[in-house]
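Values below: all heavy atoms of this structure, side chains included; hydrogens, waters and symmetry mates excluded. Each ligand, and each atom within it, is numbered from 1 in the order the structure gives.
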Amino acid sequence: MAGGVDDDEYGEDSATVDQPITPWTISVASGYSLMRDSRHNKGLAFTEKERDAHYLRGLLPPVVLSQELQEKKMMNIIRQYTVPLHRYMAMIDLQERNERLFYKLLVNNVEELLPIVYTPTFGEACQKFGSIFKHPQGLYISLKENMTIYIGGKILEILKNWTERTVQVIVVTDGERILGLGDLGCQGMGIPVGKLSLYTALGGVCPSLCLPVTIGVGTNNEKLLNDEFYMGLRQKRATGKEYADLLQEFMCAIKPNYGEKILIQLEDFANHNAFELLARYSSTHLFFNDDIQGTAAVVLAGLLSALRLLGGTLADHTFLFLGAGEVRLGRRNGNKGTELSSDLIALEISEQGLIFSTRKESLQDFKKPWALDHESVTELRNAVEAIKPTILIGTSGVGKQFTKEVVEAMASLNKTRLIMVLSNPTSQAGCTAEEAYTWSEGRAIFASGIPFDPFEYNGKTFVPGQANNASIFPGFGLGLIMSGSIRVRDNMLLEVSKALASQVTEKHYEKGMIYPPFKDIRKISANIAAKVAAKAYQLGLASHLPQPEDLVESAEKCMYNPVYRCYR
Ligand SMILES: NC(=O)C1=CN([C@@H]2O[C@H](COP(=O)(O)OP(=O)(O)OC[C@H]3O[C@@H](n4cnc5c(N)ncnc54)[C@H](OP(=O)(O)O)[C@@H]3O)[C@@H](O)[C@H]2O)C=CC1
Ligand SMILES: CC(=O)C(=O)O
Ligand SMILES: [Mg+2]
């Protein structure tokens, strides 16, 4: 629903031309301060009446523009920048100046702007965060001085400094594994900010309900430690008890501030912490690790959908993963007993991983079940030749590992093969779309974490699908929020995979796509949200009662609509 609907659950969008509202809630904003308030600013779209009523006369040139014309003008400006990072900075400026116009642009031009505000460009923004930082866009909670300052609810106090009292979703990172770019310390803030802008644009969650957080525990990135402009703690990463205590304090402060149903999404933690935190907090909080659970759901959706082109069932296929981290190992949320206890993908198939048992002794515990008795191979190409996978998935976070030889080996049996390169950003992708289609002589079905343009090979245009958790988490979160769910369960993720796969049509398959395009994402998110909510009601985890009759309609209705409100 690119245009959104006329009203929403939070009352944010309930105004119409006939029923204006006041542009403030707590303090009165008027005149210059109204124009500096990004949540309420309309720029040249303030009407004559609003200019009179809110002391704006003289602060704006005479013309009154419609929001549509403002959108057209901004898109023209953004398109003039040829460097993606400059486009990113223009978008962030807009977000800080006029939030509704920012989201209008993003909702209506999602395929064009997603690569800017999201992957790959937001990765580059994190790398250069020190020089592009202008305003804090979220909360920094850092291990300053020593832990004692946190005792007695210091983090609780920090949370109260945030501009909004009501928050429904927090995306938090500790900056240790930012995309495939490694440890970026507190510069990882670009990730929660970007992810939350997708919560709003793609999933319709009101921006005022979203809180980006970066936990600062230091960095092991020597370059940053030696950079005089680095903004984070200038120390090596805290580990062990010191790290765990800070996280515990943070988790304990959240519910007293925002209530039981606050959704906490972990993003880009290194896997040695990510799995442990998921196991620890998924039974006490509404807790979701996007890299582990969201990505597993998006991969499974792609696999289910790809069967239409590959044939057979999942169990008929042989999978080879390069990389055995968060993405590869899928979901594990510690809900033992009532829940499924193995990798999400393995719920559908009987799978053995390719972590050789010769390495078993040195493996982290959670990887051991996936060790396979196989003679050790050191080259991916040799592994492809030995295992003969029908599906090859790259999740190592290291770029260009799917070489010509690897792709040719995949395609050598003259059959359709699926190649997924999940690692982000572009520099870390296993191969490009062009390489996959050319080297496989058009036999590869290709999907990637970052967007690639369509590619013509032998007279046929192939459109790569984007295998990115962004197709999942905004709708997933919306479903949890709209149902008032108090916990995340694995079978919610299974529902989501099926819901996403079901959105792929014959027209998409004809172009080689195994994911639906992002231009339809709000509709897709509403469907995903409805499935998640239905599961939450079925499992007795939903607290917003009674259950709406039509959950898709309900999801669409509570989506944030970025059209301007009229002020009385
Ligand atoms: N498309 C999407 O939606 C998503 C994409 N990603 C991307 O996936 C990538 C990996 O993320 P994640 O799984 O969280 O990272 P992890 O660090 O958890 O896992 C990386 C894995 O790759 C292995 N590895 C590292 N270097 C090599 C190498 N040279 N050859 C083979 N294997 C190697 C590591 O080995 P070892 O086991 O020895 O440590 C580890 O198992 C990142 O680029 C990230 O951006 C992440 C989430 C979502
Ligand atoms: C997409 C994403 O979450 C990642 O690359 O980490
Ligand atoms: Mg991530």
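At least one heavy atom of Y118 lies less than 4.0 angstrom from ligand 2. Proximity of V298 to ligand 1 is not established, as no heavy-atom distance is less than 4.0 Å.
Contact annotation for I191 and ligand 2: no heavy atom of the residue comes within less than 4.0 Å of the ligand. Contact annotation: for N469 versus ligand 1, heavy atoms closer than 4.0 Å belong to both the backbone and the side chain. In D290, neither the side chain nor the backbone holds a heavy atom less than 4.0 Å from any atom of ligand 1. Contact annotation for A274 and ligand 1: no heavy atom of the residue comes within less than 4.0 Å of the ligand. Residue T119 does not touch ligand 2, judged by heavy-atom distances below 4.0 Å.
At distances below 3.5 Å, at least one donor-acceptor pair connects side-chain atoms of E435 with backbone N or O atoms of T432. Within the 3.5 Å criterion, the main-chain N or O of V298 finds a donor-acceptor partner in the side chain of Y515. A distance-only check finds no donor-acceptor pair linking the side chain of T318 to the backbone of P389 [under 3.5 Å]. Side-chain atoms of E99 do not come within 3.5 Å of backbone N or O of Q95 as any donor-acceptor pair. When atom types are taken as modelled, the side chain of T214 and the backbone of C186 share no donor-acceptor pair closer than 3.5 angstrom. Between the side chain of T119 and the backbone N or O of P115 there is no donor-acceptor pair closer than 3.5 Å. Formation of a donor-acceptor pair under 3.5 Å by the H508 side chain with backbone atoms of T505 is found in this model.
Counting the atoms of ligand 1 from 1 in the order shown, those under 4.0 Å from a heavy atom of G397 are 9 (C), 10 (C), 42 (C), 43 (O). Atom numbering of ligand 2 starts at 1 in the shown order; those under 4.0 Å from a heavy atom of K195 are 1 (C), 2 (C), 3 (O). Those atoms of ligand 2 that come under 4.0 Å of a heavy atom in L179, given as number and element, are 4 (C), 5 (O), 6 (O). For ligand 1 and L179, the ligand atoms under 4.0 Å from any heavy atom of the residue are 42 (C), 43 (O), 44 (C), 45 (O). Taking every heavy atom of G180 and a limit of under 4.0 angstrom, the matching atoms of ligand 1 come to 42 (C), 43 (O), 45 (O). Atoms of ligand 2 lying under 4.0 Å from at least one heavy atom of R177, given by number and element, are 6 (O).
Of the charged side-chain nitrogens involved, at least one lies within less than 4.0 Å of a carboxylate oxygen, so that K236 and E222 count as a salt-bridged pair. Between R381 and E405 there is no salt bridge, since no side-chain nitrogen of the basic residue lies less than 4.0 Å from a carboxylate oxygen of the acidic one. Note on D183 versus R177: no salt bridge recorded, every NZ/NE/NH1/NH2 to OD/OE distance being 4.0 Å or above.
Aromatic ring orientation, F287 versus Y281: tilted (interplanar angle from 30° to 60°). The aromatic rings of Y457 and F462 sit tilted relative to each other, their planes meeting at an angle between 30° and 60°.
For the Mg ion (ligand 3), the N/O/S atoms of D290 include none lying under 2.8 Å.
Of all the listed residues (N271, L181, D268), N271 holds the heavy atom that lies closest to atom 16 (P) of ligand 1. Of all the listed residues (S396, G294, P120), S396 holds the heavy atom that lies closest to atom 33 (C) of ligand 1. In this comparison of Q401, E267, M420, the heavy atom closest to atom 28 (C) of ligand 1 sits on Q401.
Aromatic ring centres of F288 and F473: separated by at least 6.0 Å.
Annotation: cation-pi pair R87/Y81 absent, no NZ/CZ under 6.0 Å from the ring centroid and within 45° of its normal.
In terms of protein heavy-atom proximity, atom 5 (O) of ligand 2 is nearest to N424 ND2, 2.8 Å.
The atom name of the N/O/S atom in E267 closest to the Mg ion (ligand 3) is OE2.
The shortest N or O to N or O distance between N468 and ligand 2 is not below 3.5 Å. Checked by distance only, ligand 1 and V398 stay at 3.5 Å or farther apart across all their nitrogen or oxygen atoms. Not a single N or O atom of G449, backbone or side chain, sits closer than 3.5 Å to an N or O atom of ligand 1. Taking only nitrogen or oxygen atoms, main chain and side chain alike, Q428 does not reach within less than 3.5 Å of ligand 1.
Considering the Mg ion (ligand 3) as centre, the angle to OD1 of D291 and to OD1 of D268 is 100° (10° rounding).
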